[in-house]
Protein chains: 2
Amino acid sequence: MSRTPLHPTREQIELPMVLDCLSDPIRLAIVYQLAQQERVSSELRCGDFSGLGAKSNLAYHFAKLRECGLMQTRVAGTNRFMRLRREDLEARFPGLLDAVIKSAAKDAERLQLLAGCEVVEAD
Amino acid sequence: MSRTPLHPTREQIELPMVLDCLSDPIRLAIVYQLAQQERVSSELRCGDFSGLGAKSNLAYHFAKLRECGLMQTRVAGTNRFMRLRREDLEARFPGLLDAVIKSAAKDAERLQLLAGCEVVEAD
DNA sequence: CCTTATGTTCAATGTTTATTGAACTATTGA
DNA sequence: TCAATAGTTCAATAAACATTGAACATAAGG
């Protein structure tokens with residue numbers, strides 16, 4: 001397995017790529033779940049999203065989320081911890097991420113955003 | 001030419017479709033141009049976007065923008081007038097459209113948003 | 001009428017996309 | 001050292017997408 005993957009710099013983050021990333025229901029669910037969890041911890045493992053699909057498909061979506069600058073991946077042992085790049089996104093596109101997450105929250109059931117993912121309390 | 005095309009009701013507007021629509025550079029440019037023009041007039045003709053591509057390709061993008069609920073089309077003679085469905089979008093996804101348009105404005109040159117479209121003063 | 005202007009629709013093309021299962025890599029812990 | 005765990009990568013597939021030009025429909029103006 002390669003080392004920690006490449007991420008775009010803040011300046012390299014592009015609006016169309018970000019919007020396209022967020023337009024996929026699975027990726028939107030990943031981002032939403034990360035945002036929900038933020039009050040508890042800013043990071044989640046890949047495995048915490050297993051309710052959203054098969055491992056290899058999730059890896060594909062994780063890669064897209066990384067490439068467009070929405071997420072950071074940190075390697076720790078056999079785990080990868082993901083977090084939203086809130087500050088970078090806020091710097092590039094003020095208010096955008098929040099607006100999307102709030103919009104998603106409004107439609108949470110319609111979007112089946114929480115399919116199979118109980119939000120776990122940190123210990 | 002068929003009569004005024006179908007538009008989704010406010011409640012039928014879906015977040016992923018809206019984001020996907022806005023993720024295409026040409027459609028983003030159309031929305032941006034409509035938003036810029038709003039201070040002068042809330043409507044633009046299809047032909048006003050001819051700087052963005054070939055007619056048939058634009059018609060394709062117009063259809064997408066209509067189907068996802070971002071635009072309204074009004075038929076008047078041989079012209080079609082388009083306007084942003086601001087109120088419906090604000091009701092469904094508060095703050096989202098503004099955040100996207102502001103983000104686009106920030107990157108206007110990078111996105112080549114105004115390619116071939118001088119904003120015309122109303123008379 | 002006939003012509004012109006405005007858009008849409010259609011068919012064809014090539015590209016990108018999401019999804020799957022299998023193979024692979026790397027790390028942990030027994 | 002061996003097995004189990006966590007993720008990624010690859011190849012294959014089917015579906016969706018953007019783009020083009022030609023054909024079409026409709027309305028306006030001479």
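Chain letters run A, B, ... following the sequence lines, proteins first, then strands; residues in each count from 1. The basis for the numbers below is simple: all heavy atoms, side chains too, and nothing from hydrogens, waters or symmetry mates. Values in this document were obtained by computation on a predicted structure and should not be read as measured data.
Summarising the geometry, the separation between CG on A:Asn79 and P on D:dA6 is reported as 7 Å, rounded to the nearest angstrom. Atom-to-atom, CE of B:Met82 to C1' of C:dG7 comes out at 10 Å; the value is rounded to the nearest Å. B:Leu52 places its CG atom 14 Å from the P atom of C:dG7, with the value rounded to the nearest Å. Separating the CZ atom of A:Arg45 from the P atom of C:dT28 is a distance of 14 Å, rounded to the nearest angstrom. If you take CZ of B:Phe49 and P of C:dT8, they are 11 Å apart, rounded to a whole angstrom. Taking atom CE of residue B:Met71 and atom C1' of nucleotide C:dT8, one finds them 13 Å apart after rounding to whole Å. D:dA22 atom C1' lies 12 Å from atom NZ of B:Lys55, rounded to whole Å. Remark: P of C:dT6 and CZ of B:Arg74 are 16 Å apart, rounded to the nearest angstrom.
Hydrophobic clustering (side-chain heavy atoms under 4.5 Å, transitive across Ile, Leu, Val, Met, Phe, Trp, Tyr) keeps B:Tyr60 apart from B:Val18.
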Letter per nucleotide, 5' to 3', of nucleotides 14-21 of chain C [B base touched, S only sugar-phosphate touched, - untouched; heavy atoms, 4.0 Å] = ---SBBBB
ask   = Given the rule in the salt bridge (charged side-chain N to carboxylate O under 4.0 Å, His left out) test, do B:Asp98 and B:Arg86 qualify, once you have shown the distances and angles that lead to the verdict?
value = CA-CA 9 Å; B:Asp98 274 341; B:Arg86 273 207 171 274; 3.2 Å; yes
task = Would you please test B:His61 and B:Arg27 for side-chain hydrogen bond (donor to acceptor under 3.5 Å, both in side chains) and show each step?
result = CA-CA 6 Å; B:His61 288 299; B:Arg27 292 192 293 260; 3.1 Å; yes
request  = Start with the C-alpha distance between A:Arg80 and A:Thr73, add both sets of side-chain angles, then the distance that settles side-chain hydrogen bond (donor to acceptor under 3.5 Å, both in side chains), and finish with yes or no.
outcome  = CA-CA 6 Å; A:Arg80 273 98 206 278; A:Thr73 299; over 6 Å; no
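B:Arg92 and A:Asp107 are joined by a salt bridge, as a carboxylate oxygen and a charged side-chain nitrogen come within less than 4.0 angstrom of each other. A salt bridge does not link A:Glu38 with A:Arg83: none of the charged nitrogens is closer than 4.0 Å to a carboxylate oxygen.
For D:dT26, neither phosphate oxygen OP1 nor OP2 lies less than 4.0 angstrom from any side-chain nitrogen or oxygen of B:Arg80.
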